[in-house]
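Structure, as structure tokens:
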Amino acid sequence: MMSKPNHRSWVLTSLGAAGIAGLVFACSSSGDRSDINVPPGGTTTTLSDGGTTTTGDNAPPAPIANDSGTQATYVFQPVGPAVYVPKIKNLVLGLPATDDEIAQVTKDPTTFRALVTGWLEQPQFEQKMLGFFRNAFQQNNVSLNQLETNTNFQNDNWLNGGYQAVFIRSLEDHFALTAWDAVKAGTPFNGMMTTTTYEMTTAQLAFLTYLDELQVADTGQTTNRLVARHAIPKFTINPGSSASITDVLNPSSSSYMQWPDPVAIPASCTSTPPLTYDSTSDAGSNNEGQNYNTLLMLIFGATINYPPCWPLDMNGNSQTPATPPLLQANDFTDYRPVAFTHIAKTDTTSPAFYELPSLRAASVTNPVGLHVTREGFTGTLAFETNWGTNITNESRVTTNQSLIVSIAQSIDGENTVSIFPPNTTDLDHASNPACTGCHSQLDPIKEFYNHSLTLFYSDQLDQTSLATQAAFGIDGVSAQGTFTPDLFNILATHPRFPLAWAGKLEFWSTSVAAEETDPELIRIAQAFQSSNYNFKTLALETFTSPLVTFAAATQTTTDNGVLNTVARADHWCAALTNRLGVPDVCGQITTHPTNTQQTIASRATLLPTDAYFRGYAYATLATNPDLIFRDTVEIICQAVAGEVIDQSTDAGASRYSSTNPTAAITDMVNNVMDLAPSDPRTAAATSTLTNHLAAAEALGATKPQALMSVFTLACTSPSSVLMGL
Amino acid sequence: MDHAKRKFLQATLFGAGSVGLRALATGLPIGLFSKSRRAKADVNAADSGLVCAKPQYLINFISSSGDPLNANVPGCYDDDGIYHADDPSMAKTKMTVGSTSTYGAALWAGLTPAVLNRTAFFHNTSETNAHPDLPKVQRVQGDLQRSEMLCSFIAKNTGSCLGPGGDAGVGGTVQPQPITMANEIVTYEGAVQAPINPQNLQAVLTGPGSPLLQNLQALRDSDLDKLNALFKQSGTASQIALLDQYALSQSEARSINQQILSDLSKIGTTGDPRNDYNIAATVLLKMNLCPVVCLPLQWGGDNHGDPNLAGEVAQHQQSIAQLEALYRALTNYGLQDNTTIMYQAVFGRTLSVASHEGDKMGRNHNGGHHCTVVVSSALNAGVYGGVALNSSSTDYQALPINSSTGQGAADGDISYEDLLPTVAKTIAAACGVAEAQYDFQLTAGQALKVALNSA
């Protein structure tokens, strides 16, 4: 039963009170604050551009006390359409604004919303949002090793090495694609908390259905359901077979369970397999489980031992050459929505992991039946890979990260959240006063997870866990329940949900968190909620908001000043990609990157990048350029220069030709430096680049080399690497 | 110990109004959000307190995993109720640390005299048992003003004193902020410092692959200055501040001593990532690039499940070897006398079998005990503080410390609650932070004078 606060006026009772208390404290002090941005011991430095600066942050100008001297605010300097139109278009699409677009908004600022609305329909917006969703739903950073550890999967050699990158990519991408489906369809975005339909590939389904057959208890003890029901009495793996999968799965066929293996048996090997796996003779033993494991390996192209032809080496490793999976290459990328249904423990996972045609046919109307609850963003292998738990942690990390994703709430024992009666707290150390805060809040919530899932993200069968009641109590919303779907329903309708997602998108745009009590942030959240959680409404309201444009003051800028920041790797790389027409410049999503992409991807890790942390409701990002940043952008720009100057490819002519430097420089100023032709700075920038070309040639550089240096200059220019100039 | 103040600072960091988070996110001092008058006073004190007396670089090993660093150090072998791995390297071994005759793991006893004679073991509590609390521990649980981290507080107070001319007040490191190679949150004046790794550091600092483009760098720098000036002409104050910082970053990048960069080429050649961290850290300090380098601490990790403590043993062996190698590398650079090495985990781990499911197959979190290990010429080697069973006899926790002897004692005048700030003050003092500064900025505890080497 769930109860909600009497009024959800967006002051969010306790949250609002806490925030206001902080502000009152800030405003109650008196005195001049004009000196507090200068770090102790800071030194004034003369810059090479003739200016001076003080070491430390690029802090905004000092706040000025008002007449009464009791409250200090920052002097706000709004920016106009010439600044915010390019900034927002860069954020949304990674493309430069045109003269017409800037002129239109300059003439009538109210047309900006229509302009942004149009941008939201462009394909580049999808790419930008997929990156946002991967991070916001905490689906990044997948490694097979960690996945195997967190699920207690006892086989680290089940997937052909040549397919690992694309499989991992699919694990990281599929929930973002699921979220994008909701964006496209305009369905309520809070459905991402509760959805049981995911964008899936056949390869993912094959692995997921196999994993579902392994019930791993909290203790780590595994019960193999395939073994328990002797799923396949006998099968062979036959390199000489050319049977189709349909025939292999057809009990009436002479090829039934005669699995082909595309491995090429050398002529010298006279004792050619097939290998026979007889679960009748192996029944109940570890060997039977290993038989199914071998079949999984065959499906995924892992090396299978053929001792008669390739004896094991001295370390016991197979010498059999790698062979393609029985899965087709397309099975790793054939995304489509697939519904999951939760089946009883006595039912059979359906389809089975080896029924490839059935897995390929899985869809919304032809669902997959699993024992493990797969619901919302936490129901993905990627989320499970990110947040392993253990017997002491007891799913607390899973629970807390779920709260962070859905309602931007981290429980660390210090937050102002309602205290749930600690009747379900653990006994281990919850009685310690230092721990009570966390446990009284978090432990009742974690029971939702412990009720549904074991510590290895398997279906829970332990009767004690199944008998434990779970409860939720944050910000005036109190509810009780049992399984994780109960929790997800609470989160989907929690009053913090729209505010949290308004804050997430605002932070993605600016790298600086808006105050949760800022009326402008609350307005965005209200609009999002009023639209029945239409994500494009959230996007429109956010990207046209002064919180992002800095076209007008907000409570956040009044209290904290304006903080312009460096471009994050995500935004900068997308801009270079989309503006230069070089696919995935930074190699961030390519599964088989080129050498240049690998180099750039490695260097880009030194730039501020979208990220999430354990226990933090908001990501924290470096906002200042430092010497590492400066060197990094220069190296990346030099690498990109080699990709766009005099580099014709099968895809077309080179972006820039050293035989036409004038056209190249014009494009670099407009595209790379983001200066529209009508921008008053364009002429001077063009002149600087043109003069650089001549000076470089005068120093002995060839024309291509000189143009590469020009590109590097444009690419490292302030308007390329700093936001909102 | 001002608990009310500590509670307030903890609450403001992540609680009411999230002012700490706002400070983190915006890169602005927390005082901007909550303590305007006090912040002004802080600056005044700081301005008058900067003294360049025997400054030390700091290599700060940190981890949010809560490694069992505390479990096998000297001071944890006197009570037979504390369990250790059966491996010979963890065997109870008599050893002398400074003037202290004690027992420790054979690994610690086997440190070379050059290192052991500068090693101080501070038994204390980090006052938490939660992984995400490493930033709070770094901020001395609210006892360090302005929400600064200890490593950054030290950096801020020593950076301008280090390097050529530092003692005359005309030197200073290239950048004042710490450089972190640990995948943990490190902030300087509230601004998060982006973590880097040795390979990327090597690649970036040793320059681009194109010699010709490198040759044109000076020309580009000059023209980039022109572009900076162009954008400043029409910039708002915040835009100009950012442009100034960008220009400064170029100046800093060009001031790096190119010759020493060749040392970075050794990274990745030894097959041991710990060596790479050592090389990167020592080169950064030799380059005088920053006053503090943060590195990942690995003494067994989050070892709830660690059969026979095998992982704990292996990582202890590797970390001891890394410490020895690091000290040798510092010695090769002549930095061994003005570099402090510090190990700080987010918390320690359980020491009693009863606290770990009754077996020795791992260790759980222990909010009551941690051991900060410091190697420094500015410290007297020794074991400071100690452990005893907690009131419920379920596990061990740190003892109060007798400030005159440095020994742990139930009636020690440095209370359990003041152990962490006391260790922080002592390390700040060892690194050369002026007494007036650390006494003003750290609002609790006292520098443990008996641990400070006045020579």
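In what follows, every chain begins at residue 1, and chains take the letters A, B, ... in the order their sequences are listed.
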Close side-chain approach of A/N393 to B/H304, heavy-atom, < 4.5 Å
no
If you take all heavy atoms of B/N228 and A/P718, which pair is closest and at what distance?
OD1-CG, 2.9 Å
Taking the side chain as C-beta and beyond, is there a heavy-atom pair between B/Y246 and A/T716 under 4.5 Å?
yes
Pairwise distance OG1(A/T712) to CG(B/L224) - rounded to 0.5 angstrom:
11.0 Å
Residue from B/L227, B/I179, B/D302 scoring the most non-hydrogen pairs under 4.5 Å with chain A is B/L227
May I ask you to name which of B/L230, B/T394, B/I196 has the most heavy-atom pairs under 4.5 Å with chain A?
B/L230
Pick one of side chain, backbone, both or neither for A/V79, based on which atoms fall under 4.5 Å of a heavy atom in chain B.
side chain
Minimal heavy-atom distance between B/S249 and A/P625, with the atoms involved, is CB-O, 3.9 Å
Validation row: A/S602, B/Q199 side chains within 4.5 angstrom (heavy atoms):
no
Contact origin within A/L699 toward chain B - heavy atom pairs under 4.5 Å:
side chain
Check for a donor-acceptor pair, side chain of A/Q77 on one end and backbone N or O of B/A237 on the other, with a separation under 3.5 Å.
yes
Heavy atoms only: give me the nearest A/R630-B/D221 pair and the separation to one decimal.
NH2-OD1, 3.3 Å
Proximal component of A/T510, with respect to chain B [non-hydrogen, under 4.5 Å]
neither
Atom pair CG/CG of B/D223 and A/L713 - distance to nearest 0.5 Å:
5.5 Å
Whether B/Q239 side chain and A/G724 backbone form a donor-acceptor pair below 3.5 Å:
yes
Okay, A/I636 and chain B: the region with an atom under 4.5 Å from a heavy atom over there is neither
For A/V397, is it the side chain, the backbone, both or neither that has a heavy atom under 4.5 Å from a heavy atom of chain B?
neither
Atom CD of A/Q705 and atom CG of B/L216: how far apart are they, to the nearest 0.5 Å?
8.0 Å
Report the distance from atom CD1 of A/I628 to atom SG of B/C290, rounding to the nearest 0.5 Å.
8.5 Å
A/H692 vs B/K226 side-chain heavy atoms within contact, under 4.5 Å
no
Is there a side chain to side chain contact (heavy atoms under 4.5 Å, CB included) between A/N564 and B/L243? Walk through the geometry before answering.
CA-CA 10 Å; A/N564 288 97; B/L243 288 162; over 6 Å; no
On a heavy-atom basis, the closest approach of B/L242 and A/T565 is CD2-O, 3.6 Å
Engaged part of B/S222 at the chain A interface, taking heavy atoms whose separation is under 4.5 Å:
neither
Name the region of B/N364, side chain, backbone, both or neither, that has any atom closer than 4.5 Å to a heavy atom of chain A.
side chain
If you round to the nearest 0.5 Å, how far is CG of B/D225 from OG1 of A/T688?
11.0 Å
A/D626 CG to B/Q250 CD distance, which is reported to the nearest 0.5 Å:
13.5 Å
Does any backbone or side-chain atom of A/F629 lie under 4.5 Å from a heavy atom of chain B? Answer side chain, backbone, both or neither.
side chain
B/N183, part contacting chain A, at a heavy-atom distance under 4.5 Å:
neither
